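Here is the structure we will look at.
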Amino acid sequence: MVPPPRLLQAGDSAVVVEFGDAIDVRVNARVRVLQRALAAGACRGIVESVPTYRSLIVHYDPMVLPREALEALITETAGRLPEGSPESFRTIEIPVMYGGEAGPDLADVAAIAGMDEGAVVDLHAGGEYLVFMLGFMPGFPYLGGLPAAIATPRLATPRTHVPAGSVGIAGAQTGIYPMDSPGGWRLIGRTPVRLFDARESPPALFEAGDRVRFVPVGRAAYDAVAREVAAHRYHPDVRVQRSGP
Amino acid sequence: MTAIDVIDGGLLTTVQDLGRVGYQRYGVPVSGAMDTWALRAANRLAGNDEGAAAIEITMAGPVLRLDGPGLIALTGGDLGARLDGRPVPPWQSVEVRTGGELTFSGVRDGMRAYLAVAGGLDVPLVLGSRSTLLNAGLGGFMGRALAAGDRVPVGACTDRPLVAGWRVPRDLIPTYGHDHTLRVVMGPQDDAFTDEGVGDFLSGTYTLAPQSNRVGCRLTGPPIAHRRSADIVSDGTVCGAVQVSGDGMPIVLMADCGTTGGYAKIATVAGVDRSRLAQAAPGDRVRFERVGVDEAQALLRAARAHLDRIALERPWRPPEAGVFEEDTGAPLAAPAYVGLAQALSVPRGPSAVHTNLVCAAMPGLIVSVEVAPGDAVAVGHPLVVLEAMKMQSPVRAPRGGRVGRVLVTEGMQVAGGAPLVELEDAASRRG
């Protein structure tokens, strides 16, 4: 039996439904199951809901939906949720050119981990990562599942410019920058795939709950994908799978 | 009115509506007007839907040319708005007969003004909103603040009649001053703070720091003690959340804040008082007062109901009267003041020589100079190309005329506000 979530007030127009206070795959799955259930209910007055590592924040219009009614709906919905993960998830393959100019910190990551660059790439590209949530900037995925052996602290001095598509490591996290920005993550590679495009629907490539695999590619394959992306013809490899029991 | 031409962008002038909802789970901030109540009021006065796109003006206002007749309304902070030199009465709809130049003499009260025009601003919808999200370069007018040479299109008016002189009832017009008490709902992570920390937060007086912006209002004052650490496992945020970083200083998240955050949030500013905080200037004093959720929601309901009183108020002056007492906005309707009005207005005869300095809206690199002294240019003609924030954009002639001195050369780095090109009336060289 799963304990009921805690309801926390986030002002007069949002409620936080908290399932735990740690980064945990099962807690995160419960957040997404509740989000899907609430979305399926299409309750008038719920403006939107945002899944995070361990809680779902529900933005609502108190002029339309009284707080008591919302809280009752959340409690009731959470109470009848199936245990486990949502019934299906997507796995998305992301081509990455590792090292060199595309990944200027790969050598440092390898040195800190005490292995050669090829071993870092094998470990990074060998894993499957869970998108716990999106945040920080439009389209940015918080990915869990980085092998501990290549966890590396952030740069002491952040770069003023990190190009869009850069794949980085910060502590036990790995991520991809959706747009040019300053940043302190150690950059090990770059993908030509566009993670955020406001003209697309949905605008972000990822959503919470997706699995991500990195596929090492050389310059020629990178350039070919980049051309497809530029022509708005690129579709990443996405597989939809059903969750196990 | 078909467009607003930007002659000078001012400090930070952006297109905003009520924000971009429905995309926070993709990491897209809500954005939108900082003072949503003032935006709603401005749109109501202008005969628009409450959520129409308007112009948010910050402290040092822009110079805007309205290109034809129409109806405008200015609400929010009093930044000393003038139309062709005459004070524009705030918090009411104002008829613009033949277009004109809107200028701002400086802050008199508050921080942000809202300019709504009948028909709204017709910039493209991006993810369902016309708001500008500056740090992602998304929405609004090309994803950025307005700058000299921009031409912002105005939408077609609805079939609602345009009525000048509609106003917000006097008792509802806020005065802001420099001391702000913000009501807060405690949580979601008030349990991450010591009892003393909560006490200090609720009894302390904080000062708004100059680093405040559309993302957050930074405050300095008595540090707020965490029980253990300032860090939490990141969770969702709302506009108005008071997060406390490791140094114990509170930051109130505002319109452009990220959708998730990793600092404990002690409380959330009530929706009605977020509008008030949006009008606080650096150096202003801020205190927090605890209220329950139900009370905060009742306040929100009352504030929305107040907007309905705008529609019920009768126009309080005939549209023909055009002169107002500057301090109170009261009409000076007596015929004796007609002479005064003429004296106040800027002479606009054909003999007036008018020189404009076209300035850089932001710091950047001059990539190329497109004109030479003496060139005749039409409105919109590119004068120089400026590279700023990785984008090359032309700085265009805000009006037709003849190029006077060119004050920059290719490769020159210029500061924000630096004069680039002198633009004279075409006629001024004849004599």
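Naming: A, B, ... by sequence-line order, numbering from 1 per chain. These numbers come from a predicted model, not from an experiment.
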(message) Quick check on B:A270 against chain A: is it the side chain, the backbone, both or neither that has a heavy atom closer than 4.5 Å?
(response) both

(message) Can you confirm whether A:I94 sits close enough to A:L205 that some side-chain heavy atom of one is under 4.5 Å from a side-chain heavy atom of the other?
(response) yes

(message) Looking only at heavy atoms and a cut-off of under 4.5 Å, which of B:Q189, B:R25, B:R301 has the most pairs with chain A?
(response) B:R25

(message) Out of B:V28, B:V272, B:D235, return the one with the most heavy atom pairs under 4.5 angstrom to chain A.
(response) B:D235

(message) Is A:M137 in contact with chain B via its backbone, its side chain, both, or neither, using a 4.5 Å heavy-atom distance?
(response) backbone

(request) Using a cut-off of under 4.5 Å on heavy-atom pairs, state which of B:A267, B:G139, B:G187, B:G236 scores highest against chain A. (result) B:G236

(message) Any salt bridge linking B:R40 with B:D35? Criterion: basic side-chain nitrogen under 4.0 Å from a carboxylate oxygen.
(response) no

(message) For A:A208, which atoms come within 4.5 Å of any heavy atom of chain B: side chain, backbone, both, or neither?
(response) neither

(message) Need one label for B:L138: side chain, backbone, both or neither, based on atoms under 4.5 Å from any heavy atom in chain A.
(response) side chain

(message) Check this for me: does any side-chain nitrogen of one of A:R213 and A:D237 sit under 4.0 Å from a carboxylate oxygen of the other?
(response) no

(request) Against chain B, label A:S181 side chain, backbone, both or neither, depending on which of its atoms sit under 4.5 Å from a heavy atom there. (result) neither

(request) Using non-hydrogen atoms and a 4.5 Å limit, figure out which bit of B:V185 sits close to chain A: side chain, backbone, both or neither. (result) side chain

(request) Using a strict 4.0 Å threshold on nitrogen-to-oxygen distance, state whether B:R183 and B:D273 make a salt bridge. (result) yes

(message) If we count only N and O atoms by modelled type, under 3.5 Å, do the side chains of A:Q9 and B:T268 hold a donor and an acceptor together?
(response) no

(message) Can you confirm whether or not the ring centre of A:W185 sits under 6.0 Å from the ring centre of A:F136?
(response) no

(request) Can you label the angle between the A:Y53 ring and the A:F132 ring as parallel, tilted or perpendicular, going by 30° and 60°? (result) tilted

(message) Quick check on B:V126 against chain A: is it the side chain, the backbone, both or neither that has a heavy atom closer than 4.5 Å?
(response) side chain

(message) Heavy-atom pairs under 4.5 Å with chain A - which of B:V233, B:T237, B:V21 has more of them than the others?
(response) B:V233

(request) Could you check A:F214 against A:Y129 for ring pair (Phe, Tyr, Trp, His ring centres under 6.0 Å), going step by step and ending with a plain yes or no? (result) CA-CA 9 Å; A:F214 295 108; A:Y129 300 87; 5.3 Å; yes

(request) Measure A:R199 against the heavy atoms of chain B and call it side chain, backbone, both or neither at under 4.5 Å. (result) neither

(request) Below 4.5 Å from any heavy atom of chain B, which atoms of A:L134 appear? Answer side chain, backbone, both or neither. (result) both

(request) Answer yes or no: is there an ion pair linking B:R290 with B:D190, defined by an N-O contact shorter than 4.0 Å? (result) no

(request) Heavy-atom pairs under 4.5 Å with chain B are the metric here; pick the option from A:P141, A:P66, A:G135 that has the most. (result) A:G135

